[in-house]
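A, B, ... follow the sequence lines: proteins, then strands. Residue 1 opens every chain. Side-chain atoms are counted along with the backbone in the values below, which use heavy atoms only and exclude waters and symmetry mates.
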There are 2 protein chains.
Amino acid sequence: MLIKELSKRTGLPIATLRHYENYGLFKGTSNDQVETNNYKNYDESLVEKIILIKGAKEVGFSLSEIKELLDSWFSKQMTVDRKKAVVNKKIEEIDVKINQLKQVKTTLIEAIKDIENGEC
Amino acid sequence: MLIKELSKRTGLPIATLRHYENYGLFKGTSNDQVETNNYKNYDESLVEKIILIKGAKEVGFSLSEIKELLDSWFSKQMTVDRKKAVVNKKIEEIDVKINQLKQVKTTLIEAIKDIENGEC
DNA sequence: ATAAAGTATAAAGCATACTATATACTTTGT
DNA sequence: ACAAAGTATATAGTATGCTTTATACTTTAT
């Protein structure tokens, strides 16, 4: 698919997708058969990958963290153990974030009670 | 307590705390009894508030979102219902983020399996 | 008494992550 | 055929959230 379709499928603006591609988060492929243009094709599998990027961003991961993760995940050079280590580290960080969110939620539920009791 | 102590208690750099105070997330009180300086005092209760700010930041909430929440929470003008609505909205957003994190986690657990099977 | 450490304020600087603009070329619809 | 829409690339601009610097004053330790 072309960039516009990718944008529709992922819900991210074209400019943002280009930014991510330039940053090295993913790569479209120019079809060498077609000589009239250099439009890039984006594979179906990229949709899932980009939605992962989007989700990770929305919960506070930086582009560089996300890049590190994806680079390991799809690395041809890295050993299986090294790859797994990187991904597992990120999974642990996710658990930390989930707990942080639960804590913030608990605080806000307390806040609701205080508000109802006119205590603030 | 003074700014340095607040920094120790919250784990945030003094410069960051000053930034947050300037942004309006909280307020220290200058003791008018003391005429020699205008050092600000930070109440014990601020520690919890700032740790909430820190946690919310780390899971992707912006300062303006956090400010909106805190402003409602401690507003003297707002009605109870309006306050509750703002806080409840944020609680819903937290649930969305928790689900996003779980989804990212699921994806990464799949990634581990793929890596083990040499599928990427 | 005085050097070192702490506090306050204002302003500049910086990193990250977009977002917009300008230019040029290609494809598509009529 | 040609206007409108799509794509690519490079560059500049912007918003957010700090972080650093400069300056000045206060407190603390010796």
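Look at CD1 on B/Ile14: it is 14 Å from P on C/dT9, rounded to the nearest Å. As rounded to whole Å, 11 Å separates atom P of D/dA8 from atom CG of A/Asn22. Note: NZ (B/Lys4) to C1' (D/dT28) measures 12 Å, nearest angstrom. What separates NE2 of A/His19 from P of C/dA15 is a distance of 15 Å, to the nearest Å. The interatomic distance linking A/Leu17 (CG) with C/dT19 (P) rounds to 11 Å, in whole Å. In this structure, B/Glu21 atom CD and C/dA10 atom C1' are separated by 15 Å, rounded to whole Å. Atoms NZ (A/Lys54) and P (C/dC18) sit 12 Å apart, rounded to a whole Å. To the nearest angstrom, C1' of D/dT7 lies 15 Å from CD of A/Glu5.
Distances shorter than 4.0 Å separate some side-chain N or O of B/Lys40 from OP1 or OP2 on C/dT9. The phosphate of C/dT27 (OP1 or OP2) has a side-chain N or O of A/Asn37 nearer than 4.0 angstrom. Of the side-chain N and O atoms in A/Thr36, one or more sit less than 4.0 angstrom from OP1 or OP2 of C/dT27. Listed pair A/Arg18 / D/dA8 meets the phosphate criterion, a side-chain N or O lying under 4.0 Å from OP1 or OP2. Taking only side-chain nitrogens and oxygens, B/Tyr20 never comes nearer than 4.0 Å to OP1 or OP2 of D/dG17.
Checking A/Thr79 against A/Asp81 by side-chain atom types alone, no donor-acceptor pair falls below 3.5 Å.
At a cut-off of 3.5 angstrom, the base of D/dG6 holds at least one donor-acceptor pair with the side chain of A/Tyr39.
Taking a 6.0 Å sphere around CD of A/Glu48, one finds it holds 12 or fewer heavy atoms contributed by other residues, nucleotides or ligands.
Note that the CD1 atom of B/Ile98 and the CD1 atom of A/Ile94 stand 13.5 Å from one another [nearest 0.5 Å].
Between C/dG6, C/dA8, D/dT20, one nucleotide has an atom nearer to the side chain of B/Ile3 than all others, and that is C/dA8. Of the candidate nucleotides D/dA8, C/dC18, D/dC18, D/dC18 has the atom nearest to the side chain of B/Lys57.
The pair B/Glu93-B/Lys90 counts as a salt bridge, with a side-chain nitrogen and a carboxylate oxygen less than 4.0 angstrom apart. Electrostatic pairing of B/Lys113 and B/Glu110 counts as a salt bridge here, judged by a charged N lying under 4.0 Å from a carboxylate O.
Residue A/Asn38 is the one, among A/Asn38 and B/Thr16, whose nearest nucleotide of DNA chain D lies closer to the 5' end (criterion: closest heavy atom).
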